[in-house]
Undergrad: 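Mind looking over this structure? Questions follow.
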Amino acid sequence: MKEIIKEEFKAPRVFLVTDKGIMDSGIGNQVLSQFERAQVFDEVESNPKSPTVDKAGELVQKVKPDLVIGLGGGSPMDAAKAIALLATNKGRIEDYEGKAKYKNPPLPVLAIPTTCGTGSEVTWVSVITHPERRFKMSIKGPEMFPAVALIDPELLISLPPPLIASTGIDALTHAIEAYTAKGATKFSDNFARQAGELIFDSLQDAFENIKDNKEARVKIMSGSTLAGVAFGNSDVGAVHCLAEACGGLYDLPHGELNSIFLPHVMEFNLPVAKTRYAEIAELAGIQEKDENLASQELVHKIKSMSRAMNIPSFHDLGLAESEFPDIACGAFHNNSNPSNPREVKYEDYLAILNTALHSS
Ligand SMILES: [Fe+2]
């Protein structure tokens, strides 16, 4: 790491953005040992909230670092990107909701993922929850890509199995949605296919024993980052629209929500996306030549994977059907809704939510 820092950043004063779990695990101190001057902000919660980012923003304006480090899962990395923006721009993070609303380019960010799902280390977006609006804001811009992403599969060794499962399925959702998004290109396809193959090949093994399986660690971490490059170029679709609406309203884990909605959105998309799903099925080792059957086998495989990794069902999350209109409305108005391969109306989101609730 020292060589990379020396090459990319000159004598940096760093501002480390992370969470308490990462500091307790010792990974935070491993990173800090590489720097002489560092300020730590370890208060990032899951689904990072705007008051937390604003608090760190006030601190970062005083500290005046040269570099912001985002260390952890998607939450600390997204928070780090937002804090880097507030280091060079006055105000609160909600003032910068949308695309390139900042006046000055944010500080450079070094992103170090410690989970296998988010892809935030290679994307230009920071997703921050506004608690009063119960809404996930997207803050993005070309200057918000991390300057350097340090991908080290060894950081996954102590990741608990439930987090491997939920972040791994998040990565798989990125690959599948990127491959079927309306904006998919040959470039994004290439990354999505590689990611899909690596993730199908390693997720179950990583879940069962990541500590003793270096090959699984390398494959799942690489798959996660490649899936990030894929959806960063083509976008995600209706699975993420539902997961973001639900996560913003009820503060539920992003990866679990994706794994709940993924098979149901795929079933909805089948009439227009079966060729692409059949291609993904092949990458998943499904040997079925008929596109319809291959796509259905893929959906079935994803449901079985989630069950085998003990991911909760939608029913387990305890949401009432009376809350579905708010979720469907949020999903319908999500920026990524137009990217889904099949047009999804408000009523379609309601129907998907009902199917997900009543499926075992
Ligand atoms: Fe995601």
Side-chain angles (χ1 to χ4, degrees), residues 44 46-48 70 72-82 111 113-129 135-140 144-146 149 159 162-181 183-184 188 191-192 195-196 198-199 203 220-266 269 280 302 305-306 309 311 317 327 330-331 334-337 339-340 356:
V44 180
S46 68
N47 292 322
S75 299
M77 288 192 288
D78 277 10
K81 291 182 201 172
T114 61
T115 66
C116 48
T118 166
S120 179
E121 67 276 14
V122 286
T123 70
W124 70 349
V125 64
S126 162
V127 178
I128 304 295
T129 300
F135 177 70
K136 287 194 165 199
M137 303 182 289
S138 284
I139 298 120
K140 59 187 170 188
M144 287 184 67
F145 282 103
L159 194 64
L163 276 177
I164 294 169
S166 61
T167 61
I169 293 270
D170 183 26
L172 183 62
T173 309
H174 294 156
I176 293 175
E177 293 215 290
Y179 196 60
T180 49
S188 61
F191 286 97
L198 285 164
I199 296 164
L203 181 51
I220 195 70
M221 187 62 126
S222 314
S224 167
T225 299
L226 293 171
V229 177
F231 89 84
N233 280 276
S234 66
D235 205 2
V236 284
V239 182
H240 271 77
C241 295
L242 281 166
E244 286 183 8
C246 230
L249 286 165
Y250 307 107
D251 205 13
L252 295 165
H254 177 73
E256 284 182 10
L257 291 167
N258 275 334
S259 62
I260 287 165
F261 296 129
L262 177 62
H264 303 293
V265 168
M266 288 175 75
N269 285 339
I280 298 169
I302 289 168
M305 279 170 71
S306 292
M309 295 191 293
I311 290 183
L317 299 183
I327 302 171
N334 189 291
N335 285 339
S336 294
N337 185 43
S339 295
N340 195 67

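Both ligands and their constituent atoms are indexed starting at 1 by order of listing.
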Undergrad: Establish, from distance only, whether the side-chain atoms of Asp170 and His254 form a donor-acceptor pair under 3.5 Å.
TA: yes
Undergrad: Within the 3.5 Å criterion, strictly below it, is a donor on Lys81 or Thr123 matched to an acceptor on the partner's side chain?
TA: yes
Undergrad: Restricting to ring-ring contact (aromatic ring centres under 6.0 Å, His included), what partner residues turn up for Phe261, sequence neighbours left out?
TA: Phe314
Undergrad: Using the Fe ion (ligand 1) as the vertex, how large is the angle between NE2 of His254 and NE2 of His240, rounded to 10 degrees?
TA: 90°
Undergrad: Under 3.5 Å, is there a donor-acceptor pair between the Thr129 and Asn47 side chains?
TA: no
Undergrad: For the Fe ion (ligand 1), which N, O or S atom of Asp170 is at the shortest distance?
TA: OD1
Undergrad: Looking only at N, O or S atoms, which one in His174 sits nearest to the Fe ion (ligand 1)?
TA: NE2
